[in-house]
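Every chain is numbered from 1, with letters handed out A, B, ... down the list of sequences.
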Amino acid sequence: MSMKLSTRQVDGVTIVDCSGRITLGEGSVMMRDTVRDLLAKGNKKIVLNLGEVNYIDSSGIGELVSAYTTTKNQGGELKLLHLTKKVHDLLQITKLYTVFDVKDDEAAAVKGFK
Amino acid sequence: MEQSVSYTFDSTLDTVDHAEEQATRIATELGFSDEEVMQISMAVREGAVNAVLHGNAYAPDKKVMLAFERTADGLVITIRDQGRGIDLGSIPNPLAPENLLKTSGRGIFLMRSFMDEVEIRPSQTGTEVKLIKHGRGSSAAGKEGSQ
């Protein structure tokens with residue numbers, strides 16, 4: 001399954017619902033373009049909902065890092081929501097779990113923005 | 001799976017997906033657990049990404065060789081490219097604090113995390129990566145005597 005992204009607004013926060021695979025190629029490019037588009041339009045509070053992401057490779061991990069740093073560098077904030085076990089484990093072994101602001105409840109994620 | 005099987009692929013993104021699919025199929029056939037199958041598949045994917053992207057740099061005249069060998073002790077996977085070889089000493093530690101926010105450089109680390117042994121032999125005519133996973137599930141062990 002390839003990647004699918006859709007966005008919605010909740011109380012001034014953009015939730016990006018991701019499903020499928022974030023891997024080298026199409027999945028990574030989609031993620032990058034979506035986050036850059038959001039930032040260009042002034043949407044600087046972003047939640048990546050990864051609840052339906054069933055696979056991620058090192059390129060996908062790189063895209064998550066890129067989304068996080070790009071958002072931060074533009075004065076925004078990015079959180080991750082609903083990590084699957086696979087993604088959770090990968091972020092743990094790459095020591096990125098504590099770098100990201102990870103939430104498992106959407107309402108808490110939305111409220112958590114400054 | 002036979003004792004060994006090998007494939008030659010073009011240096012394209014499709015190769016990465018094909019390599020991963022073959023790894024998933026073969027590891028499953030050999031009776032590895034779901035977790036081990038995921039680990040083997042991801043290690044092969046990362047090895048294939050390196051071969052296609054960093055080794056052969058998508059060159060149409062360069063190929064990627066992928067081989068699976070069933071051994072008494074498990075599974076040995078070889079991935080070979082025709083690139084200029086990599087300088088292993090120049091690969092930064094992705095877990096070092098100064099590298100955590102880098103967007104690349106985690107492929108070899110993931111291979112080493114997921115496999116029991118990883119051997120990387122760079123040369124002027126390409127890089128050879130050997131991925132070794134010990135042990136197999138009961139179904140593969142049962143088949144061994146008939147091969």
More than 12 heavy atoms from other groups under 6.0 Å of CG on A:N73: yes
B:V52 vs A:L24 side-chain heavy atoms within contact, under 4.5 Å: no
B:D116 atom CG, over 12 foreign heavy atoms within 6.0 Å: yes
Nearest-0.5 Å distance that lies between atom CE in B:M42 and atom OH in A:Y55: 4.0 Å
Gap between atom CZ of B:F109 and atom CD1 of A:I61 - 0.5 Å precision: 9.0 Å
Interatomic spacing from CZ in B:R45 to OG1 in A:T23 - rounded to 0.5 Å: 4.5 Å
Transitive ILVMFWY side-chain link A:I22 to B:M38, under 4.5 Å: no
Audit row: A:I93, B:L110, side chain to side chain contact (heavy atoms under 4.5 Å, CB included) steps and yes/no: CA-CA 9 Å; A:I93 64 171; B:L110 289 179; 3.8 Å; yes
Flag side-chain contact, heavy atom, 4.5 Å: B:R106 against A:V65: yes
Engaged part of B:L101 at the chain A interface, taking heavy atoms whose separation is under 4.5 Å: both
Transitive ILVMFWY side-chain link A:L50 to A:V13, under 4.5 Å: no
Transitive ILVMFWY side-chain link B:V37 to B:V118, under 4.5 Å: yes
Crowding at CG, B:N93 (>12 non-hydrogen neighbours, <6.0 Å): yes
Polar side-chain atom of B:E46 near backbone of A:S58 as donor-acceptor pair, under 3.5 Å: yes
Joint cluster assignment, B:F68 & B:M65, ILVMFWY side-chain distance < 4.5 Å: no
A:V29-A:L5 co-clustered via ILVMFWY side chain contacts under 4.5 Å: no
Option that, when pairs with chain B are counted at under 4.5 Å, heavy atom only, ranks first among A:T69, A:L64, A:T94: A:T94
More than 12 heavy atoms from other groups under 6.0 Å of CZ on B:R84: no
A:K95 vs B:L100 side-chain heavy atoms within contact, under 4.5 Å: yes
Between NZ on residue A:K85 and CD on residue B:E35, distance to nearest 0.5 Å: 5.0 Å
Closest-packed option against chain A by number of heavy-atom pairs under 4.5 Å, given B:L95, B:L13, B:D17: B:L95
Any side-chain heavy-atom pair of B:T103 and A:E63 under 4.5 Å: no
